[in-house]
Amino acid sequence: MRPTREQAWETLTQYTKSEALLRHALAVEASVGHYAELYGEDEDFWRATALLHDFDYEVHPTLDEHPQDGAPMLREAGYPEELIEAVLSHAEHLALPRDTQLKKVLFACDELSGFVHACGLVRPTGLDGLEPKSVKKKLKQPSFAAGVHRDEVYAGAELLGLELDEHIRNVVAALQPIAKELGLRTAADAA
Ligand SMILES: [Fe+2]
Ligand SMILES: [Fe+2]
């Protein structure tokens, strides 16, 4: 079967109740979907993959289980290997090749989406007016969003062959339309 975004959302919410994790999934979905559109790829399939990349994190919160023990669950639910392989490849500790555009984009969007989201949360206008310069400045402050692996942010942009500025701009643009769902303010709220 070719999974849809809606099916992926159903599977995700079956295993994930935490609002923070659901927001993370939505943020990564938006970024990956944005790149699918930019690259003329199968947006619905890419979105489904992104939504599911951490679907088992609540039941498998440690790296000796996540995401590898989630893979059989996805297989059981009928998801195709192409999606499962991409999900597995986001995990650094599994050291799998990122040999498709989807795998590259998923990896590149995972940490940066979380980081840009965090930047938006501390600004009165959320993501509106957020420039790559200030995101990069925050990347250099280890105490800010300390859980985000900086090395993976830099490696992601490189993997896509993009300047970090451009990658940041893409992710900011991707998250802006779902600011409300991410719990972010907008320039309209600040006015
Ligand atoms: Fe993960
Ligand atoms: Fe993630």
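FYI, side chains are in, hydrogens and waters are out, and symmetry mates aren't considered; it's all heavy atoms of this structure. Read the numbers this way: they start at 1 and go in the same order the structure lists the ligands and their atoms.
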*asked:* I'd like to check I168 versus F115 (side-chain heavy atoms, cut-off strictly below 4.5 Å). Are they in contact?
replied: no
*Consider only side-chain heavy atoms of I, L, V, M, F, W and Y, link residues closer than 4.5 Å, and tell whether L63 and F107 are in one cluster.*
no
*So does R5 pair up with E43, basic N to acidic O under 4.0 Å?*
no
*Contacts of the Fe ion (ligand 1) with protein N/O/S atoms, counting only those under 2.8 Å*: D54 OD1, H66 NE2, H90 NE2
_So which atom in L106 and which in V32 form the shortest heavy-atom distance, rounded to 0.1 Å?_
CA-CG2, 4.0 Å
_Against L52, only a single residue in L83, T16, V28 fulfils side chain to side chain contact (heavy atoms under 4.5 Å, CB included); can you say which?_
L83
*Of all residues at least two apart in sequence or in a different chain, which pass the side chain to side chain donor-acceptor pair (under 3.5 Å) check with T11?*
Y79
